[in-house]
2 protein chains.
Amino acid sequence: MKPTVMIVEDEASLVTMLRYNLEKEGYAVTEASDGEEAVTVADETPPDAVILDWMLPRMSGIEVCRQLRRKPETRHVPIIMLTARSEETDKVRGLNVGADDYMTKPFSMPELVARVRALLRRAKPSQAKGQLTFGDITLDLDAHRVSRGGRYVHLGPTEFRLLQYLMERPGTVFSREELLNGVWGPDIYVEPRTVDVHIRRLRKALNTDDSIDVIRTVRAAGYSLDASGDAAA
Amino acid sequence: MKPTVMIVEDEASLVTMLRYNLEKEGYAVTEASDGEEAVTVADETPPDAVILDWMLPRMSGIEVCRQLRRKPETRHVPIIMLTARSEETDKVRGLNVGADDYMTKPFSMPELVARVRALLRRAKPSQAKGQLTFGDITLDLDAHRVSRGGRYVHLGPTEFRLLQYLMERPGTVFSREELLNGVWGPDIYVEPRTVDVHIRRLRKALNTDDSIDVIRTVRAAGYSLDASGDAAA
DNA sequence: ACGGATTTATGAAGCTTTTATGACACCGAA
DNA sequence: TTCGGTGTCATAAAAGCTTCATAAATCCGT
């Protein structure tokens, strides 16, 4: 998915130019022409980066900055401040509220785009949470959550670990012994058949109505995470 | 009440001059001659502004800055850095730790006083600085207050910190150990089960009648701040 | 194609682990 | 001392795990 950049600027011509250049770079763009709108828009479509004019109607850039920092979703969004003046105090204040970069008008469009790219690149890893995906299934290690097709799925601890194990090695078939060893741990002894039960529960939780079964049973061998039930590749 | 300005400076003659000029302007003045003292004094008499020498015995100005930013009471106090050098790197480093302004020795007394006045003036309205929100919950770090849906909620110190910790990293699941470490501190030893009790108290305080539970229990993993218990996205 | 032998899927029951709760004792500050 | 605030326990209440018995499905040799 394309990263979204929000432009907060009241000067229409500048907005047009910014939008043109950013979209050419492959970013999605949202805009707001005053502070209040900025907060609203950010709420509806959380941006991955913000270009924020210092002087705005209805709410100063500095205040917008604070508002953005308050919400968890936009807390870590990189912000580039635009200002007409180049006074030191402004710069300081901007940095204080949490702007990540700062440009003085007039500025060169290529440079701005470059900075946006830099900020996005830098911000990525901080947001990069450990999560695995397989098809329409997502397993989030931080939130300890699994979803399929956008819908959250509840799993018990063991099913969660089992799915994680399979998602880390999709396509590979594991015997019950291997699964017991990898998921339950090497020191635990339980009946190998117990695996069957957990596989069943995993299937039941994952396979809602129409969706296909992602777990493949391989007779006499074990199970694997596999999109196509048995069909040829 | 007169605004208090703390002077952190080891050169006695300069301190005298500063004190004289500031008091003439109507400010109360506290002083510290080294970094450690600065932290102590700030603790006893939270200043409204700080004049901080870059070079200090026992603790660098930069470190003092950090210490001040760490405590909620002094987190947002405007700080003016004084330095003998005027190198850009120092400047940048100073700003990075959160200094609000920057003056190079030697400086004119009237200018310093003017800057102090400016900082105090603009620090006033920005009282509403540190606050976190999650859904209809607001945690105000300045007022040390929590409200849900506009209604104030009373929390004990530990519950407050626990909530703050969770709100700073919404969605992420934390084990009891992690919470003990992050909220209680790395050196404190209490039963991991104690976390349960505080979670319960937090829930009881937060969840009035109709409102939904924002704390998710993840069996065998821990707790997280999370709007939807298990529902769809 | 048929029947027995294997192997897997399922549903339910009992048991274990983990969490929620209420009560209580302790401590430091007002 | 009286009050919040905290940490611990004992106990209740969930939630999840394992096993077992049985039904289905799949294989294989004839």
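Predicted, not measured: the structure shown is a model, and the values here were computed from it. A note on names: the letters A, B, ... follow the listed sequences, proteins ahead of strands, and every chain is numbered from 1.
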Measure from the side chain of [X], starting at C-beta and using heavy atoms only, and say which of [options] lies closest.
X	options	value
B:D196	C:dT19, C:dG11, C:dT8	C:dT19
A:R200	D:dG4, C:dT10, D:dT19	C:dT10
B:E159	D:dC17, D:dT19, D:dT6	D:dT6
B:E191	D:dG16, D:dC9, C:dA20	D:dC9
A:P157	C:dT8, D:dG7, D:dC17	D:dC17

A:R169 charged N/C atom sitting above A:Y165 aromatic ring, 6.0 Å / 45°: yes

Any donor-acceptor N or O pair under 3.5 Å, side chains B:T217, B:R203: yes

Side-chain H-bond candidate by donor/acceptor type, A:R216 with A:Y223, under 3.5 Å: no

For [N], does OP1 or OP2 lie under 4.0 Å from any side-chain N or O of [X]?
X	N	value
B:R203	C:dA20	yes
B:Y223	C:dA20	yes
B:R193	D:dC9	no
A:H198	D:dG16	no
A:T194	D:dT19	yes
B:H154	D:dG4	no

First of B:V197 and A:W184 reached from the 5' end of DNA chain D, by closest nucleotide: B:V197

Separation of atom [atom1] in [X] from atom [atom2] in [N], rounded to whole Å:
X	N	atom1	atom2	result
A:L202	C:dT8	CG	P	17 Å
B:L162	D:dG5	CG	C1'	14 Å
B:I188	D:dT6	CD1	C1'	13 Å
A:R216	C:dA9	CZ	P	13 Å

A:L163 side, atom CG; A:T158 side, atom OG1 - distance, nearest 0.5 Å: 12.5 Å

All pairs passing ring pair (Phe, Tyr, Trp, His ring centres under 6.0 Å) where residues 200-221 of chain A contributes a residue, at least two apart: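 Every candidate ring pair (Phe, Tyr, Trp, His ring centres under 6.0 Å) pair involving residues 200-221 of chain A fails, so no pair, neighbours aside, qualifies.
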
Heavy-atom donor-acceptor pair, A:R219 side-chain to C:dT8 base, under 3.5 Å: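 Check fails, no donor-acceptor contact within cut-off.
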
Pairwise 5' ranking along DNA chain C for A:I199 and B:A221, keeping only the more 5' one: A:I199

